[in-house]
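Note that the numbering runs from 1 along the sequence shown for the chain.
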Amino acid sequence: MIRLYMSMSVDGFVVGPDDSVEEPMGRGGFRLFNWLDDRNSDGPSGQVYAEAQATGAVIAGRRTYEHAGRWNGDHHDGVPIFVLTHHPDDTPPGTARYVTDVNECAAQSRAA
């Protein structure tokens, strides 16, 4: 089973304007993640966070992966990171692997 976890504003934005490696969430984009301030609670924010952290693998696009600083090679708990990309031009750090085919990416993440 593949599940999608992401924060999005009600009008469909996942980052603020002008996102970049230097400002990965764009101008003002971190406000979409204010709920994470309560991630260690027993309430809804804590429940959503715990569920997202219980994954056995992570699939990300190359842009997200790069803007997140490659998660320093570990998204959480050493789970494999599958980066879907057209340009596997280097060796990714840690548990990350580049995958160029979406079906293969899904198959590898399920197997993990």
Side-chain angles (χ1 to χ4, degrees):
M1 177 186 314
I2 294 177
R3 293 186 180 163
L4 171 66
Y5 292 99
M6 65 188 306
S7 291
M8 182 185 306
S9 66
V10 290
D11 54 355
F13 289 94
V14 295
V15 298
D18 303 320
D19 62 311
S20 66
V21 172
E22 294 77 27
E23 198 165 359
M25 295 308 300
R27 286 184 285 115
F30 278 103
R31 70 179 181 266
L32 296 172
F33 292 89
N34 285 342
W35 65 272
L36 281 172
D37 293 343
D38 200 27
R39 68 180 165 262
N40 295 318
S41 76
D42 291 332
S45 294
Q47 292 169 4
V48 169
Y49 185 75
E51 190 173 311
Q53 295 301 301
T55 60
V58 172
I59 297 174
R62 181 70 180 260
R63 182 178 169 95
T64 297
Y65 175 68
E66 295 296 338
H67 282 199
R70 298 179 168 205
W71 294 299
N72 295 317
D74 181 22
H75 186 275
H76 69 277
D77 303 327
V79 301
I81 303 166
F82 298 94
V83 181
L84 192 56
T85 181
H86 292 291
H87 306 287
D89 54 2
D90 62 357
T91 302
T95 62
R97 303 172 198 157
Y98 292 137
V99 185
T100 58
D101 179 81
V102 68
N103 292 318
E104 184 60 26
C105 186
Q108 286 185 34
S109 69
R110 283 186 182 112

Listed pairs under 3.5 Å, donor-acceptor, residues 48-57 side chains, sequence neighbours left out:
{"from": "E51", "atom 1": "OE2", "to": "Y5", "atom 2": "OH", "distance (Å)": "2.6"}
{"from": "T55", "atom 1": "OG1", "to": "A52", "atom 2": "O", "distance (Å)": "3.4"}
{"from": "T55", "atom 1": "OG1", "to": "H76", "atom 2": "NE2", "distance (Å)": "3.1"}

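- Checked against side-chain contact (heavy atoms from CB on, under 4.5 Å), L4 has the following partners two or more places apart in sequence or in another chain: M6.
- Legend: residues meeting side-chain contact (heavy atoms from CB on, under 4.5 Å) with D37, ordered by chain and number and at least two apart, are N34.
- Every pair tested for salt bridge (charged side-chain N to carboxylate O under 4.0 Å, His left out) that includes a residue from residues 95-109 fails, sequence neighbours excluded, so the list is empty.
- F33 CZ: more than 12 foreign heavy atoms inside a 6.0 Å radius.
- Legend: salt bridge (charged side-chain N to carboxylate O under 4.0 Å, His left out) pairs involving residues 68-88, not counting sequence neighbours, sorted by first then second residue: E66-R70, R70-D90.
- By the side chain to side chain donor-acceptor pair (under 3.5 Å) test, S41 is found to be paired with D38, residues two or more places apart in sequence or in another chain being considered.
- The minimum heavy-atom distance between A106 and I59, with the atom names listed, is CA-CD1, 4.5 Å.
- Partners of H75 by ring-ring contact (aromatic ring centres under 6.0 Å, His included), not counting sequence neighbours, listed by chain and number: W71.
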Distance-only donor-acceptor pairs under 3.5 Å for side chains of residues 82-89, two or more places apart:
{"from": "T85", "atom 1": "OG1", "to": "H87", "atom 2": "N", "distance (Å)": "2.9"}
{"from": "D89", "atom 1": "OD1", "to": "R62", "atom 2": "NH2", "distance (Å)": "2.8"}

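- The salt bridge (charged side-chain N to carboxylate O under 4.0 Å, His left out) contacts involving residues 9-22 comprise D18-R27, D19-R63, where partners must be two or more places apart or lie in separate chains.
- Criterion: ILVMFWY side-chain heavy atoms under 4.5 Å apart, direct or through other members. Under it, V15 and F13 are not part of a common hydrophobic cluster.
- Applying the 4.5 Å side-chain rule to ILVMFWY residues, one finds that V21 remains a lone member of its cluster.
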